[in-house]
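Down below is the structure, laid out as structure tokens.
Counting convention: from 1, in listed order, for ligands and their atoms alike. These values consider heavy atoms only, across backbone and side chains, with no hydrogens, waters or symmetry-generated copies.
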Amino acid sequence: MTAYEIIAKKRDGIELKKREIRFFIEEFLKGKIKDYQLSALLMAIYCRGMSDDEIFALTESYIQSGARIDLSGIPGIKVDKHSTGGVGDKVSIILAPLAASLGVPVPMISGRGLGHTGGTLDKLESIPGFRVFGSADSFKKQLAEIGVAMLGQTDSIVPADRKIYALRDVTATVESIPLITASIMSKKIAEGIDALVLDVKYGNGAFMKEIDQARLLAQYLIKVGAAFGKKVVAYLTSMEQPLGKNVGNWLEVAECIDCFHGNGPADLMEVTLTLTAEMLVLAGKAGDHEEALRKCRDALVNGTAFDKFLEMVRYQGGDTGVIESPQTYPLATYRQVVPSPAAGFVQSFDTQAVGLAAVQLGSGRLRAEDAVDPRAGIVVHKKIGDFVEKGEPLFVMHTNNEKVLEPVAGKLLSVIKIGEKKSRVPKLIAERMNRQ
Ligand code: URA
């Protein structure tokens, strides 16, 4: 078996055998297969696709490249949630403590923001002192003691994905459904879950611009989960506009605190409650979706969900003072309104551009090594279907970099369409999918 033969087979559309896929990944990690050869294979996969068996084999090889966390000693059905990424998507920060407060063990390994999408780790790190890294043992200990842990991926979990993702990023091979499936599911399986709720985003602020692509990705994620004995339920949710009001790390944590206190925006609450309720049902903590929704609402109203959030913040070294009194958190030095140039209805957003505008204000990174400003971001004052008067705020920019205020204000005016007609608000939760 040689790398050359395997690349040529895939190039010619011939199905690869499990042992060929395993050989390629193992030899690449040992340095015996070079970056340029793996890049060629990735492009062949991108162009030719993969059969179900090939995707299972690739996922398995990814998992075998590192350690697998064993959570079997922790009682209960361990359920995680994964979102394919969006703008203003802070659901995890509410959902994980909420589900845990109702008895669902939530082992959540999250990522950083890259490109226009935000990352849960960056958001949590905006809480002073909050630690997002720890060993597999400390992850397990925390899960056993308080029922929820939100950490970053350690070096030992699926090292193949980290290396291969970096190559995909520079070879235009990220947007491949087989490669995305293996990348996501290998990490979820290696973290030791029993079940998974997926939020597969579609629309102009998502990876998958079209719902058909999102559905196909969800089908593969569900299939691979089932092949590894995991129950997976997927929701297709819209990213045609930012979720909730705030985009940017601390701004999003502050919005989550509002949600715990019953003051969350309707769209953010709808996605959060739907996904958390699904976790409760998967974990056997509610008989059906309606009962689960009731339990979730009660846990928010009676404060047990917020208490669990505080407990997690404290456990991970974070300052609970700012969580209890968010008004004490220092805001960015520059805060500037972007007023509406005309009266009318908000008809659409270029959501990806909103995410990129927040990055330019300092909230995200365009390269993995960039630092983020926890206080930077955008507050979105009007959403699709809202009426706005001329001069009324559309956005408020938050930044510590005065130089970017003017260019970003100009960009923000071009990312929102205002017209005379009230357009239809895109359906937020389009579909629920599970194994047929
Ligand atoms: N998220 C991942 O973890 N992997 C991908 O390939 C795409 C999104």
Side-chain angles (χ1 to χ4, degrees), residues 21 25 28 38-39 41-43 45-47 49-50 54-63 65-66 69 80-87 89 91-92 107-123 132 150-193 196-203 205-210 213-225 228 230 232 234-237 239 352 355 364-366 368:
I21 292 173
I25 302 297
F28 169 69
L38 182 68
S39 301
L41 182 68
L42 291 171
M43 188 53 84
I45 293 172
Y46 182 95
C47 296
M50 280 184 135
E54 286 177 306
I55 298 176
F56 301 153
L58 184 64
T59 309
E60 199 168 47
S61 300
Y62 271 27
I63 296 168
S65 72
I69 301 178
D80 189 7
K81 188 259 339 180
H82 178 82
S83 158
T84 55
V87 178
D89 180 5
V91 168
S92 292
M108 188 175 276
I109 294 190
S110 304
R112 298 208 174 275
L114 194 63
H116 72 284
T117 65
T120 302
L121 294 187
D122 295 327
K123 295 172 201 186
V132 295
M150 296 180 83
L151 291 173
Q153 197 184 335
T154 61
D155 288 348
S156 62
I157 302 275
V158 197
D161 177 62
R162 226 181 359 270
K163 292 200 172 149
I164 295 173
Y165 194 92
L167 272 185
R168 287 168 60 203
D169 209 19
V170 292
T171 56
T173 52
V174 168
E175 298 90 345
S176 150
I177 287 182
L179 296 176
I180 295 175
T181 302
S183 167
I184 292 177
M185 291 310 289
S186 58
K187 287 176 285 195
K188 292 291 140 189
I189 292 160
E191 84 186 25
I193 54 160
L196 177 67
V197 176
L198 287 164
D199 184 3
V200 182
K201 303 278 185 201
Y202 71 93
F207 250 130
M208 301 286 149
K209 305 293 178 216
E210 303 300 330
Q213 286 174 296
R215 191 180 295 115
L216 194 61
L217 173 60
Q219 277 163 356
Y220 277 106
L221 293 165
I222 292 168
K223 239 192 258 181
V224 170
F228 286 88
K230 313 292 170 198
V232 181
Y235 282 83
L236 307 186
T237 73
M239 223 343 110
Q352 179 161 342
R365 54 175 76 74
L366 289 172

* Structure fact -> Looking only at non-hydrogen atoms, the one of S83, G111, S183 nearest atom 5 (C) of ligand 1 is S183
* **Intermediate values then yes/no, side-chain contact (heavy atoms from CB on, under 4.5 Å), F28 and L41** => CA-CA 11 Å; F28 169 69; L41 182 68; over 6 Å; no
* Asked: Is the closest heavy-atom distance from I184 to ligand 1 below 4.0 Å?
  -> yes
* Asked: Can M208 and T84 be said to form a side-chain contact (heavy atoms from CB on, under 4.5 Å), step by step?
  -> CA-CA 9 Å; M208 301 286 149; T84 55; 5.9 Å; no
* Asked: Would you say K187 has any N or O atom under 3.5 Å from an N or O of ligand 1, going by distance alone?
  -> yes
* To do: Consider every N or O of Y165 and every N or O of ligand 1, then say whether any pair is closer than 3.5 Å.
  => no
* Asked: Got an N/O contact under 3.5 Å between H82 and ligand 1?
  -> no
* Donor-acceptor contact below 3.5 Å, side chain S183 vs main chain L179 -> no
* **Side-chain donor or acceptor of K81 paired with backbone N/O of M108 under 3.5 Å** => no
* Structure fact -> The single option from D122, L121, I109 that satisfies side chain to side chain contact (heavy atoms under 4.5 Å, CB included) with V132 is L121
* Asked: Can you tell me which residue and heavy atom of the protein come closest to atom 8 (C) of ligand 1, and the distance to 0.1 Å?
  -> F207 CE1, 3.5 Å
